[in-house]
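In what follows, a single structure is set out as structure tokens and then discussed.
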Amino acid sequence: MTMHGAVMQAIPRLTLNNGSAVPVLGQGTWNMGESAAQASAEIRALQHGIDLGMTLIDTAEMYADGGAEKVVGKAIAGRRDAVYLVSKVLPHNASRQGTLRACEASLRRLAVEQIDLYLLHWRGTHPLSATVEALETLVAQGKIGAWGVSNLDHEDIQELLALEHGARVQVNQVLYNLSRRGIEFDLLPACARDGIAVMAYSPIEQGRLLKDPALNAVARRHGATAAQVALAWTLRQPGVIAIPKASTLAHVAQNRACLELTLSTTDLQELDTAFQPPRRAQRLEML
Ligand SMILES: NC(=O)c1ccc[n+]([C@@H]2O[C@H](COP(=O)([O-])OP(=O)(O)OC[C@H]3O[C@@H](n4cnc5c(N)ncnc54)[C@H](OP(=O)(O)O)[C@@H]3O)[C@@H](O)[C@H]2O)c1
């Protein structure tokens, strides 16, 4: 492994249905922007991640009530074109008009003219058809480059795909990590069939996975950390993008180096024993 600054391989890219090639390892921002005292460290962490090639940045109007988008705006100032920017509209804003207003507000906070990928954060009471219409309007206006969804289960995705323009969905961002494998049963293969990329959120279960003995045993064999094994595990298959959130430079660098790690068949078997794959359909979990 080259964990301490040696030259690393470029981050592999995944090509979305619309032709955009995005890095499979990006950066999350939930809990950023909550405190003014932390903001400059968060900005530095995001910038370090961009320097290391983790140029896909995931945020949302929900995070810190817009505060995370402001942090992202500052982190990408002057290098907007190097970044693939993802943000999300809250379900209660996701009406035909509300989506347009929410996007305008996000653009202002991010201080950019376009969001590359705009997601419905989860499904609420507004009809999916109204949200899709609004998202298509935003694409036509150039305010977003493309759109996707988040926290949509198998049946919701089928319903979406049946709508006019519904097949223009690029991504489904869902909870996926070793301790949350439910999507492997049906959602992950269904998304793969339709070319919808799966963006794995909370890939280290917000830190709760880090003390797991099986994960640590694999990590020790590789001279790696538990976080790196958890990330390498989510990225072991094609069609998946992981977006860990890290607010220290050391965590950012460590996460980037997960791509130097190749898990062996033995590693994967041990992890399957500790974190069993699903044997039946399960409702999609969310955090
Ligand atoms: N669509 C949705 O509904 C949804 C839901 C949840 C999350 N998300 C997105 O997914 C992103 C990631 O998920 P998440 O933030 O929930 O959880 P996560 O990425 O699984 O975990 C983040 C936590 O792990 C710590 N961490 C990161 N790298 C580490 C490392 N190498 N070693 C030890 N600890 C490490 C971070 O600490 P530090 O901050 O101190 O570095 C933070 O406390 C979010 O930030 C957000 O952008 C989306």
Side-chain angles (χ1 to χ4, degrees), residues 1 3 8-14 22-34 38 41-60 62-64 68-69 71-72 75-76 83-88 117 119 121 150-151 171-181 183 197-212 215-216 218-219 222 224-237 239-263 271 275 285-287:
M1 296 193 52
M3 311 247 278
M8 292 190 212
Q9 299 284 324
I11 298 183
R13 288 183 173 258
L14 184 157
V22 303
V24 297
L25 184 65
Q27 306 187 75
T29 63
W30 194 12
N31 289 322
M32 289 191 182
E34 297 278 359
Q38 293 299 317
E42 291 163 354
I43 291 166
R44 275 198 304 277
L46 289 170
Q47 289 176 334
H48 190 45
I50 297 169
D51 291 340
L52 295 176
M54 293 186 279
T55 52
L56 184 153
I57 298 184
D58 177 75
T59 190
M62 183 184 98
Y63 303 159
E69 287 182 325
V71 162
V72 172
I76 67 172
V83 170
Y84 190 79
L85 196 50
V86 184
S87 193
K88 315 185 193 78
L117 181 69
L119 310 180
H121 208 146
S150 178
N151 297 299
V171 158
N172 190 13
Q173 183 182 115
V174 293
L175 177 60
Y176 183 51
N177 64 50
L178 274 162
S179 62
R180 313 274 194 166
R181 298 185 64 171
I183 66 165
V198 166
M199 205 178 267
Y201 75 67
S202 308
I204 55 175
E205 185 64 20
Q206 301 185 325
R208 289 181 290 274
L209 269 174
L210 296 176
K211 289 211 164 76
D212 180 81
L215 196 53
N216 279 285
V218 174
H222 287 275
T225 68
Q228 289 175 318
V229 175
L231 291 172
W233 181 88
T234 61
L235 294 174
R236 73 198 184 288
Q237 59 213 325
V240 177
I241 299 162
I243 47 165
K245 175 256 182 183
S247 38
T248 69
L249 299 183
H251 284 169
V252 169
Q254 215 186 84
N255 295 348
R256 168 63 176 88
C258 82
L259 292 165
E260 312 296 308
L261 184 59
T262 306
L263 298 175
L271 293 170
F275 303 95
E285 299 175 282
M286 64 184 278
L287 289 178

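- Remark: the backbone N or O of Q254 is paired with a side-chain donor or acceptor of Q228 at under 3.5 angstrom.
- With T59 contributing its side chain and S87 its backbone, the two residues share no donor-acceptor pair below 3.5 Å.
- Inter-residue side-chain proximity for V240 and V24 is flagged as unmet; no heavy-atom pair is nearer than 4.5 Å.
- Rounding to the nearest 0.5 Å places CE of M54 at 11.0 Å from CG of L56.
- Within the 3.5 Å criterion, the main-chain N or O of F275 finds a donor-acceptor partner in the side chain of R181.
- In terms of modelled atom types and a separation under 3.5 Å, the side chain of D58 and the main chain of T29 share no donor-acceptor contact.
- Interatomic distance, CZ of R13 versus CD1 of I241, reported as 10.5 Å (0.5 Å rounding).
- When all heavy atoms are compared, the tightest approach of A242 to P203 is CB-CB, 4.4 Å.
- Between Y63 and W30, the ring planes are parallel. Angles under 30° get that label, and only those over 60° would be called perpendicular.
- The distance from atom CG of L46 to atom CD of Q27, rounded to the nearest 0.5 Å, is 5.0 Å.
- In terms of modelled atom types and a separation under 3.5 Å, the side chain of Y84 and the main chain of G26 share no donor-acceptor contact.
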| query | Given L271 and R236, is the side chain to side chain contact (heavy atoms under 4.5 Å, CB included) satisfied, shown in steps? | reply | CA-CA 12 Å; L271 293 170; R236 73 198 184 288; over 6 Å; no
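- L25 and I11 make their closest contact through N-CG2, 3.9 Å (heavy atoms, listed as atom of the first residue, atom of the second, distance).
- Shortest non-hydrogen contact noted between A75 and Q47 is O-NE2, 3.2 Å.
- Distance check: L52 CG to N255 CG gives 10.0 Å after rounding to the nearest 0.5 Å.
- With hydrogens and angles ignored, the 3.5 Å screen pairs no side-chain donor or acceptor of E34 with any backbone N or O of N31.
- Checked options V229, L231, T225; the residue passing with C258 is L231 (criterion: side-chain contact (heavy atoms from CB on, under 4.5 Å)).
- A donor-acceptor pair under 3.5 Å is absent between the side-chain atoms of R256 and the main chain of A253, judged by distance alone.
- Taking both residues in full, the closest heavy atoms of L261 and A232 are given as CD2-CB, 3.9 Å, listed atom of the first, atom of the second, then distance.
- Using a 3.5 Å distance cut-off with no hydrogens or angles, the side chains of K245 and Y201 do not pair a donor with an acceptor.
- Considering CD of E205 and CZ of R180, their distance stands at 4.0 Å, rounded to 0.5 Å.
- Counting all heavy atoms, side chain and backbone alike, N177 lies closest to T234 at CA-CG2, 4.2 Å.
- Here I204 contributes atom CD1 and H251 contributes atom NE2; the two are 7.5 Å apart, rounded to the nearest 0.5 Å.
- Considering every non-hydrogen atom in both A45 and V252, the closest pair reads O-CG2, 3.7 Å.
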